[in-house]
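Beneath this line is the structure, given in structure tokens, with notes to follow.
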Amino acid sequence: MNATKKKRKKSLNSSPSSASLSELDATQLPAHLAIIMDGNGRWAKKRLLNRIMGHERGSDTVRTIVRTCREIGIRYLTLYAFSTENWQRPKTEVEALMTLLKKFLKSEKSEMLQNDIRLRVIGQIHRLPSGVRKALEETMTATRDNSSMDLILALSYGGRAEIVDMVQAVADKARQGRIDPQAINAEMIADHLYTREIPDPDILIRTSGEMRISNFLLWQIAYSEIFITPTLWPDFNKDELVQILNDFQGRERRFGKV
Ligand code: FPP
């Protein structure tokens with residue numbers, strides 16, 4: 001990919017902890033950043049800890065990255081926190097992840113309110129335990145008028161399931177005569193996905209080095225810039241995120257054009 005650049009017109013304020021934050025061009029920030037948070041299990045294994053401790057540390061990284069995105073001015077952040085396939089993990093691990101999620105939602109509610117962050121969720125929410133659904137509802141309701149940043153949690157999420165749900169909704173409307181099948185276009189499809197009203201991700205990051213999409217935002221990442229880092233999710237931090245944003249600003253996005 002071509003890597004020439006149009007750089008650094010307007011700088012963001014830097015903080016002492018992040019040398020390169022000041023090098024970011026505030027006019028060229030991604031509107032939407034999506035992350036496949038991978039490597040919690042390997043992080044724990046390397047330290048002879050159980051996988052759940054990896055998820056706990058991963059949860060701390062979630063806090064750091066949400067704060068960093070808010071500080072930088074990323075408008076939408078989507079985190080792949082639990083996939084439809086993750087239901088097949090051992091019951092104890094699934095339960096631990098659900099408990100962590102509940103804890104996160106409860107402990108972060110006040111910070112989201114304070115920082116004008118709106119919580120949203122995408123996925124098959126009806127499959128989640130009632131305690132998690134309740135915590136989600138409470139935090140989503142409390143934060144629904146916030147408008148500086150949207151934190152979107154992908155929970156019990158699968159890209160194919162999302163497409164199936166979309167096709168069913170569109171087919172249903174066509175059957176009822178509410179839409180003409182000939183009028184179905186990309187915009188209409190996007191309007192029937194879980195992510196309606198959310199712009200497509202500009203950047204997709206995957207931690208832990210795996211070269212896979214793992215059923216994440218299959219429709220929406222058509223033109224996303226992909227960054228795969230070997231860093232395991234619990235070790236991912238502000239500096240590395242800023243470095244990725246810096247690299248993103250050095251990429252030329254052509255959207256299929258010359
Ligand atoms: C992938 O690592 C990670 C997950 C399946 C869960 C992600 C969950 C968190 C980061 C913590 C809780 C989330 C929130 C929003 C508070 P893995 O277990 O597949 O790691 P491995 O590939 O090394 O085994």
Side-chain angles (χ1 to χ4, degrees), residues 33-70 74 76-112 115 117-125 127-129 131-140 143 149-159 161 194 204-217 228-238 240-241:
L33 167 64
I35 309 184
I36 301 176
M37 308 181 289
D38 195 14
N40 293 347
R42 273 162 285 169
W43 183 93
K45 196 173 174 195
K46 265 170 65 178
R47 290 162 179 78
L48 307 176
L49 300 170
N50 76 40
R51 298 177 51 82
I52 290 159
M53 295 178 92
H55 294 315
E56 282 169 5
R57 284 299 288 266
S59 180
D60 295 339
T61 306
V62 170
R63 274 186 200 96
T64 307
I65 295 306
V66 172
R67 278 181 198 152
T68 304
C69 286
R70 176 69 182 88
I74 308 277
Y76 298 90
L77 171 67
T78 301
L79 300 176
Y80 202 7
F82 194 85
S83 71
T84 44
E85 291 71 30
N86 288 155
W87 288 116
Q88 288 155 38
R89 293 196 175 193
K91 194 163 170 262
T92 45
E93 185 171 342
V94 171
E95 281 173 359
L97 278 166
M98 294 300 144
T99 303
L100 262 179
L101 264 167
K102 253 190 306 192
K103 253 178 73 190
F104 174 85
L105 292 166
K106 288 189 177 149
S107 68
E108 297 311 289
K109 187 165 128 191
S110 57
E111 189 164 331
M112 285 188 219
N115 290 327
I117 300 174
R118 175 181 174 188
L119 178 75
R120 300 170 80 157
V121 62
I122 53 172
Q124 298 180 329
I125 306 315
R127 294 181 71 184
L128 296 168
V132 176
R133 286 204 313 267
K134 191 162 169 272
L136 279 168
E137 294 294 338
E138 271 174 25
T139 310
M140 284 195 294
T143 62
M149 175 178 159
D150 284 19
L151 167 63
I152 304 147
L153 295 182
L155 290 175
S156 189
Y157 175 87
Y194 305 151
L204 172 67
I205 298 175
R206 182 174 189 139
T207 57
S208 96
E210 307 289 350
M211 305 283 184
R212 285 194 288 274
I213 297 301
S214 299
N215 204 13
F216 189 42
L217 301 176
I228 310 242
T229 166
T231 306
L232 304 176
W233 177 250
D235 292 328
F236 191 71
N237 61 21
K238 177 176 178 171
E240 189 164 3
L241 175 58

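The first residue of the sequence shown is numbered 1, and numbering continues consecutively from there. Just follow the structure's listing: the first ligand is 1, and inside any ligand the first atom is 1.
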May I ask you to identify the nearest protein heavy atom to [atom], giving residue, atom name and distance to one decimal place in Å?
atom	answer
atom 10 (C) of ligand 1	Asn40 ND2, 3.4 Å
atom 20 (O) of ligand 1	Gly41 N, 3.0 Å
atom 11 (C) of ligand 1	His55 O, 3.6 Å
atom 19 (O) of ligand 1	Arg89 NH2, 2.8 Å
atom 1 (C) of ligand 1	Met37 O, 3.2 Å

*asked:* We want to know whether Thr231 and Glu240 form a side-chain donor-acceptor pair, criterion being a heavy-atom distance below 3.5 angstrom.
replied: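 There is such a pair between these side chains.
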Discussion item. Could you tell me if Thr229 and Arg206 have a donor-acceptor pair between their side chains, going purely by distance under 3.5 Å?
Written reply: no
Neighbour count >12 (heavy atoms, 6.0 Å) for atom CZ, Arg133: yes
Tell me whether Met140 at atom CE has more than 12 heavy atoms from other residues, nucleotides or ligands lying less than 6.0 Å away.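 Yes, because the 6.0 Å sphere around CE of Met140 holds more than 12 heavy atoms from other groups.
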Fill in: Trp87 six-ring face occupied by Arg89 cation (under 6.0 Å, within 45°)
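Here Arg89 fails the 6.0 Å and 45° test against Trp87.
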(message) With a 4.0 Å cut-off on heavy atoms, is Gly39 in contact with ligand 1?
(response)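 Judged by the 4.0 Å heavy-atom criterion, Gly39 does count as contacting ligand 1.
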Going by distance only, is there an N or O of [X] that falls short of 3.5 Å from an N or O of ligand 1?
X	result
Trp43	no
Ala81	no
Ser59	no
Asn86	no
Tyr80	no

Subject >> Verdict with supporting geometry, Leu119 and Met112, side-chain contact (heavy atoms from CB on, under 4.5 Å) >> reply: CA-CA 8 Å; Leu119 178 75; Met112 285 188 219; 4.0 Å; yes
Practice task
Please identify which atoms of ligand 1 are closer than 4.0 Å to at least one heavy atom of Trp233.
Solution key: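 Checking each atom against Trp233, I get 10 (C).
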What atoms of ligand 1 come closer than 4.0 angstrom to any heavy atom of Arg51?
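Going through ligand 1 atom by atom, the ones under 4.0 Å from Arg51 are 17 (P), 18 (O), 24 (O).
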Quiz item: Nearest 0.5 Å, what's the CZ-CZ distance between Arg127 and Phe82?
Solution: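 Rounded to the nearest 0.5 Å, the CZ-CZ separation comes to 8.5 Å.
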| query | Mind checking whether Tyr194 and Tyr157 have parallel, tilted or perpendicular rings, split at 30° and 60°? | reply | perpendicular
* Indicate yes or no: does Lys106 engage Glu138 in a salt bridge with an N to O separation below 4.0 Å. => no
Query raised in the report: For atom 15 (C) of ligand 1, which of Leu101, Ile35, Leu79, Leu105 has the closest heavy atom?
Result: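 Among Leu101, Ile35, Leu79, Leu105, the closest heavy atom to atom 15 (C) of ligand 1 belongs to Leu101.
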Closest to atom 21 (P) of ligand 1 (heavy atoms only, candidates Glu56, Met98, Arg42) is Arg42
Q) Mind checking what makes side chain to side chain contact (heavy atoms under 4.5 Å, CB included) contact with Ile52, not counting sequence neighbours? A)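 Checked Ile52 against side chain to side chain contact (heavy atoms under 4.5 Å, CB included); matches are Asn50, Glu56, Ala96.
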